[in-house]
Each structure stands twice: as structure tokens, then as C-alpha cells.
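Below is one structure, written out as C-alpha cells, with a few remarks after it.
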Amino acid sequence: MLIWPKKQALVLKPRSPDRILNVIPTARLMSVKGVPYVAVPHRLTETKALRAMGYMAPSPIKSYYDWPGRFKPFSAQQDAAAFLTLHDRAFNLSELGTGKSLASLWAFDYLKKLGRVNKALVISPLSTLERTWADEVFNHFPHLDYAVLHGTAAKRKKLLEQDADVYIINHDGVKIVEQLLQARPDIDVVIVDEIAQAARNATTDRWKAINKVVNRHGIPRLCWGMSGTPTPNAPTDAWAQCRLVVPNNVPPYHKRFKEKVMKQLTQ
């Protein structure tokens, strides 16, 4: 597979060109010295279709995005951002210090420039609202407006009424403005930072509030969970996090998940 930057296309030499041509209407058959090739527009929709067919097509963000900010992204950040652009529901479990927050903001900014998303809600620990997330947006995305939803209930509600591209709120703060967030279809991306801390137990009011925002029926939202230590105590720590981000991929009950990932030795 080759990237044709001038035409913003991917060029493939498949064994069965018709298979791609039938699935992707925008694909075109071409011949070079009598050898058949298929050219596919290097866009997100076509890239996802190719990957669903088994072709490891790279995300177009790595070829055509200008990566705004004070410095160029690390290779790991580019890979993480590319992964998020290709998956509406995903986890970034990179280690501490690998720039997960900035990678997710780059992914959001790229999707926003394409018109595929509108606004983002960042749910993070209280200690990182200003010094991590607000600073990242301020320093690297001057074209994006942000609002830190912190303070009294009245203040949070007033801040949420402001027009912003990125809303930043702490884990427990979601409970305070839960209904207002549920009623905002324009907020179509949710980034849950330190998700192992926010969603380790599905019985807490915190988890239930975040879940209502992320998985409200009728309002499709992208959701990306981030943590460097997803299962600090046991494999079962992952269940509530998966129920939040990818609920259809795990059993609906904790006990059934435990039986899948752990083995009972004695009574």
C-alpha cells in the first residue's frame, strides 16, 4: 500500500480489485504497465472501510494534519491520535508522561476541522483541570475556546451556557450538571481522563452520572478513556471502565466478567 500525497489517495495492489470497488464506491481502478491497481481516497470513511476489510490503512491525520502547537508531536502521540480518529469508542492506555491528553486533543481538533464532531467534554481529576487540560488547549490550540466548569452549581451551569469548543470538568462535577450535559447533543466527544479512577466501580453515583452522559440513548457520542494504570488491583477493575466506553464488548454483569478473566481455585 502506497500513500499518494498529491492526490490524497491510497494505492493498493489487491488480488481481487472488485472486492474493494464493490465496497468503496469512490475507489477507482487504474493500470500501470498492465498491472491493475486500486486508488482509494485517503479519507476517514474510506480508511475505516479498508481496515474493516483487513487492510491496515493509516489514518489520514498522519499525512494531512498540520499538528498545531508549540512543538511537534512524538511518534507515540501521532500513533495515539491516529488510533483515536479511527475508533469512536477507544482506550489510550499509554504510560505516564507519554502525552495522552495532547494526543486526544489533536485527534479531536482534526475531527472538528473535518466537520465530523462539534464540541468536546473532558472529564478529569480536579488537580488537572487548569494545569493540564486548560493549559494544553491554551498553549497548543489558540483557535479553540474552552471553559473550566468548576465552582458552585450555579457557576458551573453558567459556564456551561457559554459557547466553547472544549468543556473541562472534574469527575464528581458531572453529577452537578448531569442533566444539562445529557441535553447537549452538540457535545459529541467525551474524553474521560484517569478513567480507572473515575469508573472503577459501576455502583457509584460518579459512574452512573458519567454513564448517563456518555451513553444516553439518541445522542451518539464518541468516548475515549485514558489511563496509564487501568487495572491496578485486579483484572476485574476493567469491567466498569469497559461498561462505560464499550458496553457491548463485555458481559453486562460483573460476576460474569470475573469468571472470564479470573479462575476460581477454591470455594
Side-chain angles (χ1 to χ4, degrees), residues 44 61 64-70 73 77 80-81 84-85 87-90 92 99-195 198 206 208-226 244-245:
L44 274 179
I61 190 176
Y64 315 112
Y65 184 51
D66 57 6
W67 304 98
R70 295 186 174 182
Q77 288 177 307
L84 295 178
T85 63
H87 298 84
D88 293 348
R89 296 295 182 103
N92 183 350
K100 294 188 291 294
S101 57
L102 190 51
S104 65
L105 288 172
W106 270 320
F108 163 72
D109 182 57
Y110 174 71
L111 294 177
K112 183 175 176 62
K113 287 182 176 179
L114 293 182
R116 300 179 75 96
V117 299
N118 190 20
K119 299 178 185 294
L121 172 69
V122 175
I123 305 173
S124 72
L126 188 62
S127 60
T128 64
L129 297 183
E130 292 281 0
R131 295 285 70 83
T132 297
W133 286 98
D135 285 352
E136 294 284 37
V137 178
F138 179 81
N139 290 324
H140 301 282
F141 305 89
H143 55 286
L144 297 180
D145 294 323
Y146 67 91
V148 178
L149 310 181
H150 185 242
T152 65
K155 183 180 179 180
R156 291 173 189 261
K157 293 176 182 178
K158 187 176 181 179
L159 288 168
L160 187 55
E161 292 173 355
Q162 296 181 5
D163 185 29
D165 300 299
V166 181
Y167 297 98
I168 307 168
I169 193 170
N170 60 305
H171 294 156
D172 288 316
V174 176
K175 294 181 291 184
I176 300 173
V177 289
E178 171 195 319
Q179 293 184 347
L180 294 176
L181 290 172
Q182 287 188 59
R184 289 285 299 272
D186 56 326
I187 299 177
D188 43 17
V189 177
V190 180
I191 302 170
V192 186
D193 190 17
E194 296 300 341
I195 192 170
R206 171 195 287 179
K208 292 176 182 178
I210 297 175
N211 184 55
K212 287 179 181 177
V213 173
V214 171
N215 294 312
R216 179 179 176 183
H217 297 296
I219 300 182
R221 288 187 167 108
L222 280 69
C223 183
W224 302 328
M226 301 196 303
L244 186 68
V245 179

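What you are looking at is a predicted structure, and each value in this text was computed from that prediction instead of being measured.
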Looking at [X] and [Y], what are the two nearest heavy atoms and their distance?
X	Y	value
Arg156	Gly151	NE-O, 3.0 Å
Ala103	Ala80	CB-CB, 4.0 Å
Glu136	Ser101	OE2-OG, 3.3 Å
Ala153	Ile176	CB-CG2, 3.6 Å

For [X], does the [atom1] atom sit with more than 12 other heavy atoms under 6.0 Å from it, leaving out its own atoms?
X	atom1	result
Lys212	NZ	no
Lys157	NZ	no
Phe138	CZ	no

When you compare the side chain of [Y] with that of [X], does any pair of heavy atoms fall below 4.5 Å?
X	Y	answer
Asp145	Asp163	no
Leu222	Val117	yes
Leu84	Leu111	no
Tyr110	Leu114	yes
Leu181	Arg216	no
Leu144	Phe108	yes
Asp66	Lys113	yes

For the [atom1] atom of [X] and the [atom2] atom of [Y], what is their distance to the nearest 0.5 Å?
X	Y	atom1	atom2	result
Cys223	Ile210	SG	CD1	9.0 Å
Leu160	Ile187	CG	CD1	5.5 Å
Asn170	Lys175	CG	NZ	9.5 Å
Lys155	His150	NZ	NE2	8.0 Å

Is [X] reaching over with its side chain to a backbone N or O of [Y], donor-acceptor style, under 3.5 angstrom?
X	Y	answer
Glu194	Pro125	no
His171	Asp193	yes
Arg221	Val214	no
Tyr167	Gln162	yes
Trp224	Val189	no
His140	Pro68	no

> Where do Leu159 and Val148 land on the side-chain contact (heavy atoms from CB on, under 4.5 Å) test, with the steps shown first?
Replying inline: CA-CA 7 Å; Leu159 288 168; Val148 178; 5.9 Å; no
> Does Asp188 pair with Arg116 as a salt bridge, N-O distance under 4.0 Å?
Replying inline: no
Would you say the side-chain atoms of [X] and [Y] include a donor-acceptor pair closer than 3.5 Å?
X	Y	result
Asn118	Arg184	no
Asn215	Asn211	yes
His143	Asp165	no

> For Trp106 and Phe141, what are the C-alpha separation, side-chain angles and deciding distance, and is it a side-chain contact (heavy atoms from CB on, under 4.5 Å)?
Replying inline: CA-CA 9 Å; Trp106 270 320; Phe141 305 89; 3.5 Å; yes
>> Applying side-chain contact (heavy atoms from CB on, under 4.5 Å) to Val213 and Val174, what does each step give before you reach the verdict?
In response: CA-CA 8 Å; Val213 173; Val174 176; 3.9 Å; yes
